[in-house]
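Quick notes on the structure that follows.
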Amino acid sequence: YSAKDTRSGERVYHPEQDRNTPRRLALIGDLGQAVERRDLQVVFQPKVDPATGHVTGAEALARWQHPEQGFIPPDQFIPLAEHSGLIRPLTLHVLDVALRRCASWRTAGHDLDVAVNLSPNSLLDADLPDVVARLLHETGVPPGSLTLEITESSIMADPTRSIRTLDRLHTLGVKLAIDDFGTGYSSLGRLRDLPIDEVKIDKSFVQRMAVDRRDRAVVSSAVQLGHALDLEVVAEGVEDIETYAHLTREGCNLVQGYYVSRPLAADAFATWLRDHEVIPAIRVPEHFRAS
Ligand code: C2E
Ligand code: MG
Ligand code: MG
Ligand code: MG
């Protein structure tokens, strides 16, 4: 626990601040068990092309319901997994579930893609491209329907080895996306040299763009830069129709956020799809269209 209590007197847990406390070690043990028993859930958040309203796919996000402590968010357990050697089995579990679900949507007649997040250590895993190739083969999902999301800072930890992994993944035909774009250090120059297909503008810029002119300027520049480099541009954290309309006008290729849907359990996603394959409710209203 952090040294400082909150105003209400409750103690706030910051895993990064307590390297080897009993609680941290116990959590790592529990996480290991959850991964081994395939007890981690995977939820799916739709991605929509705002120009047409078509759902094009979904991002797979890991969820951990701790037996005693309840829901623990990925921002807490992913770093734990990274630092304890659990990230490899965790990533493979998410990839496996995501690709199987994607295959089942496709069998049901929905031409959808799926995206999975990779953490820094995955990029140093020399086996990853072979494992991905095997899972694609087993599930029958076309390589171009899988996107792997990575952050710039992951690549920067060891650029030479990371880029080798990325090149091999790219050779398979898998798509690569830079996640949380705009929050890294190296952005502009490096983007040109990476084997990537997509940038995902970080939600910290997107969330407030409808009300903050400066965030709007950042998003607009990111869309233009992405397009100038022949990349698809995705916006995450789209929470309202105003933001959706702005992004449509900017020519953003895909949007993702609570406005379209929260991340959904696999069964709920399949049900949601039946009603929302095209989303009439988020067609841009006339009065937003004029620039
Ligand atoms: P991310 O990859 O950038 O995923 C987007 C996060 O934004 C998700 O949080 C999602 O639930 C949230 N989000 C989506 N739309 C909105 C919105 O409109 N408003 C707001 N406020 N938030 C929105 P989540 O699921 O808590 O995941 C947080 C991060 O944890 C992810 O960020 C990703 O970096 C990491 N993560 C999640 N699952 C995995 C995984 O399976 N493997 C790895 N390596 N990382 C994961
Ligand atoms: Mg992501
Ligand atoms: Mg992100
Ligand atoms: Mg993030």
Side-chain angles (χ1 to χ4, degrees), residues 15 31 34-35 38-48 50 57-65 71-99 101 113-125 128 132 146-155 157 162 165 175-184 196 198-210 215 219 222 232-244 246-247 254-266 269 282:
L31 183 60
V35 172
R38 312 185 85 179
D39 235 4
L40 289 183
Q41 279 74 53
V42 180
V43 292
F44 295 91
Q45 187 176 37
K47 290 187 183 177
V48 170
E59 177 175 10
L61 295 158
R63 292 288 178 268
W64 184 24
Q65 187 70 35
F71 177 72
I72 300 187
D75 288 333
Q76 287 182 21
F77 71 78
I78 295 292
L80 277 186
E82 271 277 308
H83 294 130
S84 61
L86 290 170
I87 196 66
R88 183 185 150 88
L90 186 153
T91 302
L92 296 186
H93 171 65
V94 176
L95 257 174
D96 184 61
V97 174
L99 286 173
R101 287 295 174 172
D113 303 336
V114 77
V116 172
N117 294 282
L118 292 186
S119 24
N121 277 322
S122 308
L123 293 181
L124 306 180
D125 181 351
L128 184 76
V132 169
L146 172 65
T147 301
L148 296 173
E149 302 189 356
I150 56 230
T151 61
E152 289 164 89
S153 48
S154 311
I155 300 169
S162 302
T165 307
K175 290 193 177 151
L176 300 173
I178 295 292
D179 206 346
D180 303 343
F181 180 63
T183 60
I196 55 168
E198 179 183 304
V199 286
K200 266 187 111 165
I201 307 173
D202 191 66
K203 58 176 177 291
S204 61
F205 307 110
V206 175
Q207 275 171 319
R208 293 184 39 79
M209 66 179 284
D215 285 334
V219 170
E232 294 251 297
V233 182
V234 184
E236 63 176 21
V238 178
E239 295 185 349
D240 50 57
I241 194 167
E242 288 81 6
T243 306
Y244 186 88
H246 277 298
L247 290 164
L254 295 175
V255 300
Q256 184 183 339
Y258 296 166
Y259 181 65
V260 176
S261 168
R262 297 210 167 229
L264 300 168
F269 180 77
I282 57 179

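Computed from a prediction, not measured in an experiment: that's the story for all the values here. Start at 1 and go down the list; that is how both ligands and their atoms are numbered.
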Handout entry: Min heavy-atom dist P73 to ligand 1 below 4.0 Å
Key = no
Problem - Within-cut-off N or O pair, Q256 and ligand 1, under 3.5 Å - result: no
Exercise for the section: Quick one: report the N, O or S atom of E59 that is nearest to the Mg ion (ligand 2). Expected result: OE2
Problem - Identity of the nearest option to atom 8 (C) of ligand 1, non-hydrogen atoms only, from I87, L61, V238 - result: L61
Practice task
Please verify whether a non-hydrogen atom of E82 lies at under 4.0 Å from ligand 1.
Solution key: no
Handout entry: Metal proximity, D179 vs the Mg ion (ligand 3), N/O/S cut-off 2.8 Å
Key = yes
Handout entry: Polar proximity ligand 1 side, Y259 side, N/O cut 3.5 Å exclusive
Key = no
Exercise for the section: From atom 45 (N) of ligand 1, work out which of D75, N117, T183, D240 has a heavy atom at the shortest distance. Expected result: N117
Handout entry: ligand 1 contact on P263 by region, counting heavy-atom pairs under 4.0 Å
Key = side chain
Exercise for the section: Please find out if the Mg ion (ligand 3) and some N, O or S atom of D202 are separated by less than 2.8 Å. Expected result: no
Exercise for the section: With atom 21 (N) of ligand 1 as the reference point, say which of K203, E236, Q207 has the nearest heavy atom. Expected result: Q207
Fill in the blank from the handout: min-distance N/O/S atom, E149 vs the Mg ion (ligand 2), resolves to OE1
Problem - Contact with ligand 1 for R63, non-hydrogen, under 4.0 angstrom - result: yes
Practice task
Kindly write out the residues that satisfy side-chain hydrogen bond (donor to acceptor under 3.5 Å, both in side chains) with R101, not counting sequence neighbours, or none if the list is empty.
Solution key: none
Exercise for the section: Sort out for me which residue in E236, Q256, E239 forms a side-chain contact (heavy atoms from CB on, under 4.5 Å) with K203. Expected result: E236
